[in-house]
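Scroll down for the structure; my scribbles are underneath it.
Each ligand, and each atom within it, is numbered from 1 in the order the structure gives. All of these numbers come straight from a predicted model, not from anything done at the bench.
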Amino acid sequence: MLQRAREAGVEKIYLPNIDLESIPQVHALSDAHPDFCIPMMGLHPCDVKENYEEVLAIMRPMFMERKYAAVGEIGIDLYWDKTTLPLQIEAFKKQISWAKELDLPIVIHARESFNEIFEVMDELNDEKLRGVFHCFTGTIDQAKKIIEYGDFMMGIGGVLTYEKSGLDKVVNEIPLEYLVLETDSPFLTPKPFRGKRNESAYVKHVALKLAEILQLPIEEIERITTNNARRLFYEK
Ligand SMILES: [Zn+2]
């Protein structure tokens, strides 16, 4: 899979963390391929349970032992479980405070939760906070609100290639400096591989679709979105 990603022109793969169990996998993959697979650390909103404070207390010291590209994935998910919303909000806020302390970007997971996320962001956003709304599938108004936060981008994935998503109209209204490309592997596989397991190499098909929608050369899309990703993660 990594080989196919390299052949497709992928230079770096950012690995979001999910919960405590995923940490050894994220570390093992990034240790084996340190310049290619870049780890993040965070507690995913779908895995915020009653014990979230203990989990966060285990994760926080890890930032002192290892370099992470971002605090992520964090955010709010009301598709899978609405009952944990108050806990999800607290875990999200706590991890935003880490990002500020550590000067790291945040990678936000938002599913059926834009209003709740915007409420937290309106309260906590400042000049220091930066990041990305990953797998953005929102409206033009939601995109505009994200842009107003100042230092936030939108991650575009395979959904862009789905005819009924309506995302084509939205990306047409967003300046290209605010977009980064992603896969969300193994989910949200772009066409023509929809229905199969997603993998990093397929980000190419997201780029091709964006080039088609914006009527720009693919090289231009690759250059600008790659620069955006570098800016997002402050790579030199
Ligand atoms: Zn996500």
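- Distances from the Zn ion (ligand 1) under 2.8 Å pick out these protein N/O/S atoms: E73 OE1, H109 ND1, H134 NE2.
- Applying the salt bridge (Lys or Arg N to Asp or Glu O under 4.0 Å) rule to K67 yields no partners; only residues at least two apart in sequence or on another chain are considered.
- Remark: R66 engages D31 in a salt bridge, criterion side-chain N to carboxylate O under 4.0 Å.
- With E212 contributing its side chain and L208 its backbone, the two residues share no donor-acceptor pair below 3.5 Å.
- Legend: side chain to side chain donor-acceptor pair (under 3.5 Å) pairs involving residues 153-179, not counting sequence neighbours, sorted by first then second residue: E163-K191.
- No donor-acceptor contact under 3.5 angstrom links the side chains of E222 and T226, judged on distance only.
- Within the structure, the salt bridge (charged side-chain N to carboxylate O under 4.0 Å, His left out) test picks out no pair touching residues 33-47 (sequence neighbours left out).
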